[in-house]
Structure formats: C-alpha cells, structure tokens
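Contents: one structure, followed by commentary.
Numbers restart at 1 for each chain; the letters A, B, ... are given by sequence-line order, proteins then strands.
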2 protein chains.
Amino acid sequence: MQTRPKNRKQQILDLALELLQTHGFESFSYQDLSSKLGITKASIHHHFPKKADLGVALCEVIQDWHEREFTRARNLSGSAMDKLDAYVKGTLRYACGDKKICPLSSLQADIASLPEAMRPALKRMDDHELNFIAELLEQGRDNGELQFVGAARSQAILFVLTCKGALQYSRVHGSEVFDAAITQMKTVLLGESA
Amino acid sequence: MQTRPKNRKQQILDLALELLQTHGFESFSYQDLSSKLGITKASIHHHFPKKADLGVALCEVIQDWHEREFTRARNLSGSAMDKLDAYVKGTLRYACGDKKICPLSSLQADIASLPEAMRPALKRMDDHELNFIAELLEQGRDNGELQFVGAARSQAILFVLTCKGALQYSRVHGSEVFDAAITQMKTVLLGESA
DNA sequence: GTCTATAAATGGATAGAC
DNA sequence: GTCTATCCATTTATAGAC
C-alpha cells in the first residue's frame, strides 16, 4: 500500500531472485529490473554498481534464506521424514512454484559465465545444503525410521539431486513429474514396503 | 588434416553442441562460433540464417545421437544393469566430460528464453529418454535382476534426474559427486545388500 | 535516490561483392 | 561459401543534474 517502499534495495533483490529462478542470472538485465520496478536502470546501478555486485548480494539472500529454513526444519517436533518434507514442500517447492527452479540449480547451470566472485558462495551453499540433508537422513536411520545403505552423505546427494532435478523437469513437463519423483524417493527411504 | 573440411555445417553443429553443454544456448554467440572456427559471423548465418534455425538443427543432432546410443545399449548382450551402465558411462558421461552437462539439461535450464520452435523437440527428447530407461528397468525387474517398487516410469524419473543432476553438480564440485551418486543409485537398484 | 543522457561493447541479422 | 560492411537493438556501465 506504500507508494515509497521502505527498502528499494530489498525490492530489487526480491525481483532479481525471481528472475534468477525463472530465467537465469545471465538472462535477465538491468532493463528487466528497471521496467518492472518502474525506475530507471541508473537507479539500479546506484544500489548495485555492477551486475556482479547484485550477484553477490543475491548469494547472501539465498544463504540467509537457507539458514532460516534449515533452522526451522530442524526445530520441528516431528519425525525425520517430516523434516525432510518441510525442506521439500516448504523450502524448495514453496520458494520455487511452477515456473521457478531452485536458485542454486540456476547458478550451477550458468557456472561458466558467472562472475568469479559468485563461485565460492555457490560452492559453500551447495555444501551447506548437502550437509543439512545428510544430517536429517542420518538421524532418521539412527532411530530406525529410514532405511538406506552407505554413507548418509551419498544418500543426501541422491535426495537433493532428485528434488532439484524434479523442479527443473516439472517446469517443462508439468508438476506430475515432481510428484512422481518425490513419492518414489520417499517410498525408497521408508523401506520399499509400499 | 584437411584444410577445407568436407562439411562445414557439421563442424558448426559440433562446436555449437559443445558450447551448448558448457555455456548454454543463450550464452554462446555467432561471434564465439566464428572466432573459434576461423570464419566470419556472416558465414555462419549462411548455414543457419537465424539462431533458432541453429537451435532446431542442434535438437536434431541430439535426437539422432540418442537414437543411435539407445539402439547400441539395447543390443548389448549383457544384463539390464550393463545396459544402464552403457547409458550412464557410455552415453552421458562420455559425451559430457568434466566440463559439460547433458545437452537436454542445458536446454531445460534455458527454457524461458528458448526459441519457441525448440520446445516441442525438447519435450519429445526428454520423453523418449525416459521411456528408454523405463524399458530397461522393467526388463531388469522382470528377470529378477533389479529391485524397485512402483511404476518403472517413476523409477526411471529418479534414475535420470540423478544422473543428470550429478553431471551438473560435478562441474562445480568435482567428479567424486558423480561417482557417489551413481554408486548409491546402483546399490539401491541391486537390492541394498552391499 | 532518482533522473536524463550517453558511452562503449556486444549480439543477431542482412546486403551485396567475390 | 565466404567475405566486408553495415544496421539495429540490447546490455552493462558512467557522468552529472535535480
């Protein structure tokens, strides 16, 4: 309802994140941002002088979001599967929607053209996420709730790749692919009894 | 050794495919092609007037490659797992290498900015590939070699997403991720006895 | 913080000579 | 089939007024 938004910088970041997830970092321009926000390109440059600056700021946004979401999922009172579900449905699916993919997947796809400054941040976030999922899986196996062989980290890789790949496929083929992938994944983890 | 290559058109397509896998369709230019091939942009336009034409031709190249590879894998005398392995190591891994991802993954990532004419081709190829893997999985389950629950198509989704996601991750994090993902995947399919 | 104006580079594309 | 030359639009980025 406010004509003058309290924080223009945040507004730019919000839109940039959306465009990152729908089009990719190299495929949206300051033009896109300025026209959709109703301000000029020069104004965007005032907040983020170079596109690499915007990219680094975007990485911080994603990192903060991950930390909040991981803490939220960890603190749930339910089972390990409930927490994994909170990650998949709450974090990934909610933040992505039908036309968006995971921001980290988007950055990975553009890796060859990405500003140098963004790469360490990307690696760090990927690792952070993988560790979080591995922790939940380990927990679930320890209390007899989940079943899988080998290192929790290996199973975490399988889990994360499936979720993110499912989002990418769904954007092209519809959400049934996402549902099929997640259901199959859960069935396997719960011991193949279904 | 020939100074005048027999088929310039094919040479352009070969390079374009590589750039598609390393940088993405929107991230390589006629400039890139021309400088690396030692001819001018105008010459590339002679063979492919618009970039969408090049894109459609690229889809045909990928489709042909899939058909050859799928036939090759089907005709192997080994087990279902051997055929899946031929797909993973022979088709995907060989064609992608350390710095390349699956061309279909690359196109999926760029879907929002892709020329209209390429989209139906992408959907068709994704389906074709999924059907092929589902067929191998079904075969393996029927002869008692592989174990999984539910529809073969659902398990095929899991399988394909894992392989392609692993390639994408490996480009950023190194090939250990690829190996870990594939090993874990196979262990699950072989009945979790390892 | 936002604007106008503009620079400098790049990308896709075409015309016409050889 | 390849070249030179050129066009037009877009993109990143900067200078300076308000």
Quick note, salt bridge (charged side-chain N to carboxylate O under 4.0 Å, His left out) partners involving residues 26-54 of chain B, not counting sequence neighbours, are none

Residues pairing under salt bridge (charged side-chain N to carboxylate O under 4.0 Å, His left out) where one sits in residues 139-151 of chain B, two or more places apart or in two chains, turn out to be B:E138-B:R141

On DNA chain D, more 5' by nearest nucleotide between B:H46 and A:S27 is B:H46

Please tell me if the side chains of A:I182 and A:C163 come closer than 4.5 Å, counting only heavy atoms from C-beta onward.
yes

Please list, one pair per line, the donor and acceptor atoms closer than 3.5 Å that link side chains of residues 129-136 of chain A to other protein atoms, with sequence neighbours excluded.
{"from": "A:E129", "atom 1": "OE1", "to": "A:K164", "atom 2": "NZ", "distance (Å)": "2.6"}
{"from": "A:E129", "atom 1": "OE2", "to": "A:Y87", "atom 2": "OH", "distance (Å)": "2.6"}
{"from": "A:E129", "atom 1": "OE2", "to": "A:K164", "atom 2": "NZ", "distance (Å)": "3.4"}
{"from": "A:N131", "atom 1": "OD1", "to": "A:R153", "atom 2": "NH1", "distance (Å)": "2.4"}
{"from": "A:N131", "atom 1": "ND2", "to": "A:D127", "atom 2": "O", "distance (Å)": "3.3"}
{"from": "A:E135", "atom 1": "OE1", "to": "A:R74", "atom 2": "NE", "distance (Å)": "3.2"}
{"from": "A:E135", "atom 1": "OE1", "to": "A:R74", "atom 2": "NH2", "distance (Å)": "2.9"}
{"from": "A:E135", "atom 1": "OE2", "to": "A:R74", "atom 2": "NE", "distance (Å)": "2.7"}

Whole-Å distance, B:Y30 OH to C:dA9 P, equals 25 Å

From CD of A:E26 across to P of D:dT10 the rounded distance in Å is 19 Å

**Report entry** D:dT2 phosphate, OP1 or OP2, under 4.0 Å from B:R8 side-chain N/O
**Finding:** yes

Legend entry - Short side-chain N/O contact to C:dT10 OP1/OP2 from B:S29, under 4.0 Å: no

Ordered by number, residues from residues 47-59 of chain B within less than 4.0 Å of DNA chain D (heavy atoms) are B:H47

For residues 105-123 of chain A, the side-chain hydrogen bond (donor to acceptor under 3.5 Å, both in side chains) pairs (sequence neighbours left out) are A:Q108-A:D126

Quiz item: Under 30°, 30 to 60°, or over 60°: which ring-plane class applies to A:F25 and A:F28, parallel, tilted or perpendicular?
Solution: perpendicular

Expected list for residues 32-42 of chain B near DNA chain C, using heavy atoms below 4.0 Å, is B:K41, B:A42

Closest of C:dC3, D:dT14, C:dG12 to the B:H45 side chain is C:dG12

